[in-house]
Structures are given as structure tokens and as C-alpha cells.
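Letters A, B, ... are given to chains in the order of the sequence lines, protein chains preceding strands, and every chain is numbered from 1. From a predicted model like this one, the values you see are computed outputs, not experimental measurements.
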Amino acid sequence: MSDERVRHELDQLKAGIIDLYTEEELVKKMTRFHKEGKPMIVKAGFDPTSSDIHLGHTVLMNKMRQFQDLGHRVAYVVGDATAMIGDPTGRNKTRKVLTRDEILEHAKTYATQAFKILDPQKTEMVFNSTWLFKLDFIKLIDLTSKYNVARMLEREDFKNRFKSGDSISVHEFLYPLAQGYDSVALKSDVELGGTDQIFNLLVGRKLQADYGQEPQVVMTVPLLVGLDGVQKMSKSYGNYIGVTEPADSMFAKVMSISDDLMWSYYELLTTVPVEEIAAMKNGIANDTVHPRDCKVNLALFITARFHGEPAAREAKENFYRDVPSNLAEYAVTLPDGGLPLIDLIVQLGFTESKGDARRMLQQGGVYIDANKVSDAALKITSKDSFVLKAGKKKIGRVNFS
RNA sequence: GGAGAGGUUCCCGAGUGGCUAAAGGGGGCAGACUGUAAAUCUGUUGUCAUACGACUACGGAGGUUCGAAACCUCCCCUCUCCA
């Protein structure tokens, strides 16, 4: 019966979800969908302050895709208006204000990346400036009157900042309200977000009720921890793997995570069944399985997802080779008097400054064709091409002309 | 509006006239070890210069001084308490 079907779909949707407010309401909406055929509007917002989608986003997008596969529609909200506030996480004290063009540009590249996962036929991309910029002063006052400061201060970071005496600007209170108002404007049935979004998502519920709508169901997905193993994956922390990154670097980055972190990547980014993951853990515990091999498989899985199997295998081979096969190539003009190695390193962008380059050289991090170079004053005089390696990650073939 | 405390290098944070490119920690980078992991250890961490050294930097603008991150004036910003 239809009940069965709803039950089954519910299990699917609940998989990997942290918070769900509330299950009853979700069931009600799903049942209605099956009876009346009107798809749910599943909302998720994205901040267009950067243009790259990384693996952290994909956790959320997979869930969105699931809803689409069950026949629902996704409202992909580009937070161009809310970006002007910046989600008050307390760390972005001076957030760079983006121009209109930059935001549109970001939204565009964002979308093409998003559709590696989402179904474009069932996705509406909307900009929240469409309705937020139309709020006049009267309506804004009305909106702000629907929430009070005490409740606002319940939000974790507001609370902390208030307690520790850091500044909170009044306009930051507008962020949750604006995001909540998005839900009102879209009449969303479900809103998805990371666990750090829970407060904002719940504001949406309250506001919808205040505006006489049926409140949205709120679901959160776990945050993916970034490569550093500490903070959530985020572009601003530089601990991310972008979905458009080359296979080689994607593979290498996965390999660089800690063994502990590997498990949450398995759970959040792969379809490997939990039993298998448990088996791997067991194997490692009794020394029959090497953790490195588990990580290689993880890296293969993730790389293959965005680049296909063959590319993933090639990335693996490159990873174990001293010199990758598809090495970056650099064309350099050799000046008459020769080119100091230090200058070359800077010129290739391997280090930021000459001092940095010199340091790296002195510390033994520079190799030419697999031979360590320690002479900081070395000058390149011959036009023979060679492979230059500076540090662990910077490597390339240099061709002179 | 009143009173007080502050703004230091990527971050936190010491420094109250020359010994300060500025302690300490975090982070970053490099090296050792390893599994091109983590943890640990070592080194390093403003720019230019082979080097001597030069330049830039302690919220902003002026000033005092042979010499200022430090002292004075004004301004900007943050926080706390009072109204």
C-alpha cells in the first residue's frame, strides 16, 4: 500500500540525517504527495561568496538528489542578498563585500558544478535578492517583530560572542530572519542544511507559521570535517577538496587525511555499506588489513565519482610514482646571464618570496631531477629541461627557451 | 551622554623610549621518522640583498625625541559598567 511506500521512502530520506523536525510532518507531506501528486519544495541555500563546490557540499547535495529521485523539486537558493550580511559565524570579521557581477559569476560556476549531482530538470535556481530586496521598511519591521532578542541569543555563536564580550552587529540578527523569510517566500516544504544551520532553519519554521503557512520540515546533514581533521571543510579554511579538482590532486588530498578521519569520509561520501566499513575497522584492529589500503580504496572511490574509474586508477598510479606522468609543464625564458634557481622557484609560484625559496633550499626541500639541491646560489645556465620539485607538493617540468 | 578597558606580525597574545622584525603559543612551510597518513621530534616562518645592510610593519593622522610599537594631541573602531 501507499503506507508501505512512504515508510520505505522515509527510511531512505532519514539515512545519514542528524536532526529532523519533525518526522510526523514529513510523513504527512509525503503522504499528501502520493495522494495529490504535488511535489514537495525542498529548499537549500548556498552562499555565493566563493565559487567552488567541495566535498562538504556534496553531502548535502546527495540528500537533495534523493528527494529529486523521489519526485520532488529542489529550490536552490543563491543567497546573494544574505551574502551581504555574511552568516555571523564570528570568524569573518571583515568579510569582503562582493560585487553584483562576482556574485552572478559565482552562482553560475556553482550551478554547473552542482549539476554534477543534482537533476537540472527538477531544480529551480533562485536568488533571494528577488524578494528580500523588495522588503520595504514597514515589512522589514514586521519581520523583525516576529522574533525576539532572547531567542536570537540562544544561537550558539551569538551566545558565545555575547558572553565573551565580542561585538555583535544588529544587522547580523537579520541573517537568520532573512534566511527564514526565504522559506516564507518559497513556501518551502522541507529545508536542508548542515548541522551548523539548525538555528537558521528553525527560524524558517517559526516564520512560516507566523505568516500563516505550514511550517517546513527541517533536516540537517552532518558536516564533513576538512583535511586538517579539525574544522569543517570550507574554502576559507583551505582544507577542502573541490569537486572540479584534477583527479591527481583529489586522490592525493584524500590520501593525506588521517586514518581516523577516513571513516567519516567513508560514511558520508561513499555508498560502502556500514557492515563493510565495520569489517575494515576490524581488520585493522587485528592487523589483517593495512589502513593505507583502505584509504587507497576511499581515494579511488571519491576520485572515480567525479572523474570516472580510469582517471581514478591513473591518479593512484601517479600517486605512487615519484614523478607523476602528467606533470605540470612550465615554459621559462632563460635570460642571457642565466637564472638563479631561487628566482625560478618564485617565478613558478612555488614559493611566495625569494626568502621563502632560499629557506626551502637550505632545508633540503628542493630537487632537480630527483637530485637534492642545497646550493642556494645555484644558477641555471643550460637550457636543458628538468623536473623541479620544491617541497612536497610543488613539482613541475621546466622547459627553457 | 558619563566612566573605564582595549586595538601588536596569518591568528591568539607578551612587550610601555634604544638590547625589538618584536617573547610565548597556535597555524603554515621544510626536514627526520612512517604507510608520500596521523602522532612525535628538529628547523623555519616580513620583503629585498650572496653578504654588510636597506626598507616596510605594532588602528589612522600629526607631534615630542638623537631615537617611538611604547610618550603627547586629535580622530576611528571594539568591549564593559552607568544613564
Side-chain angles (χ1 to χ4, degrees), chain A residues 88-96 158 160-172 225-231 234-241 248-266 280-281 283-285 287-300 302-303 315-325 327 337-367 370 372-380 387-395:
Chain A
T89 51
R91 68 189 146 91
N92 292 312
K93 281 176 193 156
T94 48
R95 190 184 270 259
K96 180 177 148 235
F158 285 147
N160 292 341
R161 281 201 277 164
F162 188 69
K163 254 198 236 158
S164 65
D166 288 333
S167 100
I168 302 173
S169 297
V170 173
H171 80 287
E172 294 184 73
V225 175
L227 301 176
D228 56 9
V230 182
Q231 264 159 323
S234 145
K235 181 153 187 181
S236 50
Y237 293 138
N239 60 359
Y240 71 104
I241 305 179
D248 280 353
S249 94
M250 203 178 253
F251 190 95
K253 280 188 179 177
V254 176
M255 288 306 285
S256 79
I257 65 173
S258 76
D259 291 356
D260 289 338
L261 187 57
M262 159 166 81
W263 303 118
S264 85
Y265 276 46
Y266 258 112
M280 277 188 270
K281 284 187 192 172
I284 289 170
D287 275 343
T288 54
V289 176
H290 198 300
R292 182 197 48 216
D293 299 330
C294 297
K295 209 181 288 172
V296 167
N297 286 334
L298 176 69
L300 277 174
I302 291 173
T303 311
K316 179 189 165 188
E317 278 162 34
N318 281 335
F319 183 73
Y320 280 105
R321 220 186 313 236
D322 284 340
V323 178
S325 58
L327 203 59
L339 183 63
L341 181 57
I342 287 176
D343 288 355
L344 177 66
I345 292 171
V346 175
Q347 213 174 317
L348 298 182
F350 285 3
T351 64
E352 300 239 323
S353 67
K354 291 189 184 183
D356 234 358
R358 183 168 296 119
R359 247 171 256 131
M360 199 183 272
L361 244 142
Q362 279 157 357
Q363 289 175 140
V366 178
Y367 289 80
K372 186 185 281 189
V373 185
S374 45
D375 178 11
L378 186 73
K379 216 173 198 182
I380 315 284
V387 173
L388 178 68
K389 183 164 180 261
K392 287 180 214 172
K393 289 166 195 157
K394 310 293 171 95
I395 185 165

Please round to the nearest 0.5 Å and tell me the distance separating atom CG of A:Leu341 and atom CG of A:Asp375. 8.5 Å
To the nearest Å, give me how far apart NZ (A:Lys392) and C1' (B:G28) are. 11 Å
Any donor-acceptor pair under 3.5 Å from A:Ser374 side chain to A:Gly364 backbone: no
Out of curiosity, A:Thr303 OG1 to A:Ile241 CD1, how far, rounded to the nearest 0.5 Å? 8.0 Å
Considering only nitrogen or oxygen atoms on both sides, find all protein atoms under 3.5 Å from nucleotides 2-7 of chain B and state each distance.
none

Just the table, please: protein N/O against nucleotides 49-55 of chain B N/O, every pair under 3.5 Å.
residue, atom, partner, partner atom, Å
B:A49, OP1, A:Lys354, NZ, 2.4

Rounding to a whole Å, what distance do you find between A:Asn297:CG and B:A37:C1'? 15 Å
By nearest nucleotide on RNA chain B, pick out whichever of A:Asn318 and A:Lys393 is the more 5' one. A:Lys393
Partner nucleotide, any strand, of B:A61 [Watson-Crick/G-U, under 3.5 Å]: B:U73
Using Watson-Crick geometry (N1-N3 plus N6-O4 or O6-N4) or G-U wobble (N1-O2, O6-N3), each under 3.5 Å, B:C19 is paired with none
Give the B/S/- string for nucleotides 77-83 of chain B, one per nucleotide from 5' to 3', where a protein heavy atom under 4.0 Å of the base yields B, of only the sugar-phosphate yields S, and otherwise -. -SS----
Could you walk me through whether A:Leu300 and A:Phe251 pass the side chain to side chain contact (heavy atoms under 4.5 Å, CB included) check? CA-CA 7 Å; A:Leu300 277 174; A:Phe251 190 95; 4.0 Å; yes
Is the backbone N or O of A:Leu261 less than 3.5 Å from a side-chain atom of A:Ser258, with the two atoms forming a donor-acceptor pair by type? yes
Locate the shortest heavy-atom distance separating A:Val296 from A:Tyr320; write the atom from each residue and the value. CG2-OH, 3.5 Å
Nearest-Å distance for atom pair CD/C1', residues A:Glu352 and B:A30: 15 Å
What distance, rounded to whole Å, do you find between the two C1' atoms, one in B:A14 and one in B:A70? 13 Å
Tell me every residue that passes ring pair (Phe, Tyr, Trp, His ring centres under 6.0 Å) with A:Phe350, counting only those two or more places apart in sequence or in another chain. A:Tyr330
From A:Leu348 atom CG to A:Ile395 atom CD1, the distance as rounded to the nearest 0.5 Å: 12.0 Å
Sub-3.5 Å donor-acceptor pair from the side chain of A:Tyr266 to the main-chain atoms of A:Lys295, do we have one? no
Just verifying a value: how many Å separate A:Gln347 CD and A:Leu339 CG, rounded to the nearest 0.5 Å? 5.5 Å
To the nearest 0.5 Å, what is the distance between CG (A:Leu227) and CE (A:Met255)? 13.0 Å
Between OH of A:Tyr237 and P of B:C10 the distance, given in whole Å, is 19 Å
Does B:A39 pair with anything, Watson-Crick or G-U wobble, both distances under 3.5 Å, and if so, with which nucleotide? none
Once you round it to whole Å, what is the distance between P of B:G28 and NZ of A:Lys394? 14 Å
Separation between CD1 (A:Ile257) and CG (A:Asn239), nearest 0.5 Å, reads 12.0 Å
In whole Å, I'd like the distance from the OH atom of A:Tyr320 to the C1' atom of B:G35. 7 Å
Mind listing the N/O atom pairs, protein and nucleotides 38-41 of chain B, below 3.5 Å?
none

5′-ward residue of the pair A:Glu317/A:Gly364 relative to RNA chain B: A:Gly364
In the structure shown, which nucleotide is the Watson-Crick or G-U wobble counterpart of B:C79, with both distances under 3.5 Å? B:G4
Measure all distances between protein nitrogen or oxygen atoms and nitrogen or oxygen atoms of nucleotides 44-46 of chain B, and list the pairs falling under 3.5 Å.
residue, atom, partner, partner atom, Å
B:U44, O4', A:Gln363, OE1, 3.4

If pairing means Watson-Crick or G-U wobble with both distances under 3.5 Å, then the partner of B:U44 is B:G28
